[in-house]
Amino acid sequence: MAQSGKEFEADVLVIGGGAGGLWSALSARRHLPCGRVILADARMVGRTGHAAFSNAWMVAVTPEDDLQACVRDIVVGNEWIADQELIREVLSLSYGQLLDMEKMGLVFAKEDGNFLRCPTRGLRVTKVLKPDGGGLEYCWKLRKAVERESVDIVERVFITDLLRGEDGMVCGAVGLDGRTGEFTIIRAKSTVLATNSVTFRAGFVRDLTGTGSLLAYRAGAVLTNAEFGYLRPGTPKFYFEGITFAIQDGAKFVNAHGEPFMGEHEPDWADVQVISKAMVMEKKSGKAPIYLDMSLMPEDKRGDYLHSSVAWMEFFYKKLGDRARIDMFGKTEYYPLYQMSKIAVKTDSQCRSSVPGLYAAGLVQASCATHFAGFHIGACNGTGWIAGRSAAMFARESEGATVNENTLRSLKSGVESGFGNDRKIREDDLLMELQKLIFRYDVSILKSEERMTDALKELEGIKEKCQKAKAENAHGFVRLKETECMIDTARMVFEASKVRRESRLGHIREDYPDRDDARWLKWVLIKEQEGWPLIWTEPIATPLVPLED
């Protein structure tokens, strides 16, 4: 049962303690030096989200680079499903943020005084670099920076709802302390969501449950990109980062006949999504199983793949010892995997949502439909800075909104209704049912109208069970609410996938196999209407990178 508990007030509230949230909080504080900024997360700030568990490769466009060429790189790589003006702003900020990170104490490799950067998969011009210590060091140094600038950190509070004033403006949030069960209210003049994507608890970062996009949706904001998934090759034998680098060093994907097939698609520097789509086509033509043959790599190249600046991966390699070398450098069966949904909040180029007082940053903000190695964190850095700046400017001019006390009582009652002693339905069982549906190859990867319709019917049964489920304690409540969020997201994934009748990026329609720019250079937009997703489309503007003939 939720206990009456804590209440906070701020000028700017940032929800999400990963890279996007940390940059949002830092930006808000610097643009509102006399105001109060609160950074809240359901877990530990600086030790949550995608960035902390990565190498922290990030895009950096330096003064000697061609900014327009880099913008074009990202737009073309997204097959034009991108906010071109926002991408330009993100890239133009990257060098200044890089210098700022050095001042925070992060160390980047240099040569003759210049940052050492390298190409990255899927991009032809744009280059990336990473700090010493990888993602853990990166996020912790950012946390220390926001602490030094007097941002207040509120941890272990799971946000259940955004607060809306009587005029409809978002003015904070309410939630539950994940340890004590206390009902928590955070009032704010403006709010930034920076809570990442939805992985359906797959992949190496299992806490990316995408609650932010659903918080925005339930507050009246518009979402987009639900039909797009981030696809990557994977194997259940081990988790391996660096597939495209391995290909550069001689590894090859081969089909059941031993034939290398990537040359038919993109032979040199393919993004993992391109590789995944090629694997789908090989499987469809009856040439599965698919293998990654790393036995073709020269011996002198292999040692580089048995170490990582990602702490958990380095532990993994040490634990496996010689076994890692045996397993990795053989011929291993691989599968195309649906790693996460790209559903996100649609904003303008200043990261403002369609609801006053609400902003979005990081991967919960829809700058584009897919991200490349390095642009994941690059987008978090840039949109974080922009969203924090916009939220600070709004808070500076706003007097705040009045929240009806009946609204607060209703929200608290809604939290309390999620608790009970009836354990006939367990949150982990619901999650397993959802995963068995969302990760089906013929549902999440190779889609069709008929299968999407059937999936929606099956999903309704899971949703009904979820509505009856109760939690024994605060931990179970958080798990249950995250599962509920993922179920609602899955419905939007299926609905949006039915609407987009073409194949593009990680959205592959068996019944519409070709990309169709004439009809589908559009955002598929979603908004809640009477408890159901209302879906429509709008053309995508191309002011900086016109569509190629």
Side-chain angles (χ1 to χ4, degrees), residues 14 16 18-31 49-51 54 56-63 65-75 77-78 82-104 106 108 115 117 120 123 125-131 135 138-139 141-142 145-146 192-197 212 225 342 344-353 359-393 544-545:
V14 178
L22 286 160
W23 274 109
S24 294
L26 189 64
S27 175
R29 184 64 178 150
R30 290 183 180 175
H31 288 95
H50 193 162
S54 73
W57 286 103
M58 62 189 77
V59 165
V61 177
T62 61
D65 293 330
D66 183 339
L67 175 60
Q68 177 59 23
C70 294
V71 172
R72 186 181 185 281
D73 225 8
I74 302 294
V75 171
N78 272 275
D83 183 330
Q84 297 186 7
E85 292 182 338
L86 178 56
I87 286 172
R88 179 184 172 87
E89 177 76 357
V90 165
L91 295 179
S92 67
L93 288 168
S94 62
Y95 184 65
Q97 290 184 290
L98 180 57
L99 298 179
D100 202 356
M101 284 184 271
E102 278 198 309
K103 293 177 183 176
M104 295 176 195
L106 285 162
F108 296 86
F115 290 104
R117 298 175 298 150
T120 187
L123 300 176
V125 178
T126 314
K127 295 180 180 180
V128 298
L129 77 174
K130 67 181 178 71
Y138 163 70
C139 288
K141 283 290 197 295
L142 282 176
V146 302
V192 179
L193 285 171
T195 54
N196 220 298
S197 301
N225 292 341
K342 300 308 296 183
V345 181
K346 184 72 175 70
T347 74
D348 64 11
S349 61
Q350 297 304 307
C351 294
R352 294 177 289 225
S353 79
Y359 304 82
L363 299 190
V364 80
Q365 191 282 329
S367 60
C368 52
T370 192
H371 295 80
F372 309 91
F375 194 60
H376 277 100
I377 295 177
C380 290
N381 295 350
T383 59
W385 185 263
I386 296 165
R389 180 181 65 197
S390 295
M393 292 172 63
L544 304 176
V545 186

Of all the heavy-atom pairs spanning [X] and [Y], show the shortest one and how long it is.
X      : Y      : value
Ala51  : Cys139 : CB-SG, 3.8 Å
Gly77  : Thr370 : O-CG2, 4.1 Å
Val192 : Ala391 : CG2-CB, 3.6 Å
Gly21  : Val14  : O-CG1, 3.5 Å
Ala145 : Leu26  : O-CD1, 4.2 Å
Ala360 : Ala387 : O-CB, 3.6 Å

Report yes if the side chains of Val128 and Arg117 come closer than 4.5 Å at any heavy-atom pair, otherwise no.
no
Those residues that, when tested against Asp348, pass salt bridge (charged side-chain N to carboxylate O under 4.0 Å, His left out) (two or more places apart)
Arg352
By salt bridge (charged side-chain N to carboxylate O under 4.0 Å, His left out), Lys346 pairs with (sequence neighbours left out) none
Which residue pairs pass the side-chain hydrogen bond (donor to acceptor under 3.5 Å, both in side chains) test when at least one of the two sits in residues 83-94, sequence neighbours left out?
Glu89-Arg389
One pair to check against side chain to side chain contact (heavy atoms under 4.5 Å, CB included): Leu98 and Phe115. What are the steps and the verdict?
CA-CA 10 Å; Leu98 180 57; Phe115 290 104; 3.7 Å; yes
Determine all donor-acceptor pairs shorter than 3.5 Å in which one atom belongs to a side chain in residues 374-385; sequence neighbours excluded.
from   : atom 1 : to     : atom 2 : distance (Å)
His376 : ND1    : Phe372 : O      : 3.3
Asn381 : OD1    : Trp23  : NE1    : 3.1
Asn381 : OD1    : Tyr138 : OH     : 2.4
Thr383 : OG1    : Gly362 : N      : 2.8
Thr383 : OG1    : Ala379 : O      : 2.6

Side chain to side chain contact (heavy atoms under 4.5 Å, CB included) with Thr126: which residues, sequence neighbours excluded?
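By the side chain to side chain contact (heavy atoms under 4.5 Å, CB included) rule, Thr126 matches Val59, Cys70, Asp73, Leu123.
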Using the side chain to side chain contact (heavy atoms under 4.5 Å, CB included) criterion, which residues pair with Ala369? Sequence neighbours excluded.
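Testing Ala369 for side chain to side chain contact (heavy atoms under 4.5 Å, CB included), a comparison that skips the adjacent residues, returns Asn78, Ile81, Asn225, Phe228, Leu505.
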Tell me, please, which residues at least two apart from [X] pass side-chain hydrogen bond (donor to acceptor under 3.5 Å, both in side chains).
X      : answer
Ser27  : His31
Thr347 : Gln365
Gln68  : none
Lys127 : none

Side-chain (Ser390) to main-chain (Gln350) donor-acceptor, under 3.5 angstrom
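Yes.
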For Val146 and Arg29, run side chain to side chain contact (heavy atoms under 4.5 Å, CB included): C-alpha distance rounded to whole Å, both residues' side-chain angles, the deciding distance at 0.1 Å, then the answer.
CA-CA 8 Å; Val146 302; Arg29 184 64 178 150; over 6 Å; no
Hey, could you give me each pair passing salt bridge (Lys or Arg N to Asp or Glu O under 4.0 Å) that has a residue in residues 359-384? Not counting sequence neighbours.
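Every pair satisfying salt bridge (Lys or Arg N to Asp or Glu O under 4.0 Å) with a residue in residues 359-384: there are none.
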For residues 362-376, which residue pairs qualify under salt bridge (Lys or Arg N to Asp or Glu O under 4.0 Å), counting only residues two or more places apart or in two chains?
none
Please lay out, stage by stage, how Leu91 and Ile74 fare under the test side chain to side chain contact (heavy atoms under 4.5 Å, CB included).
CA-CA 10 Å; Leu91 295 179; Ile74 302 294; 4.2 Å; yes
Under 6.0 Å from the CE atom of Met104, do we count more than 12 heavy atoms belonging to anything else shown?
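Above 12, so yes.
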To the closest 0.5 Å, what do you measure between [atom1] ([X]) and [atom2] ([Y])?
X      : Y      : atom1 : atom2 : answer
His50  : His371 : NE2   : NE2   : 11.0 Å
Leu86  : Cys368 : CG    : SG    : 8.5 Å
Leu106 : Lys130 : CG    : NZ    : 12.0 Å

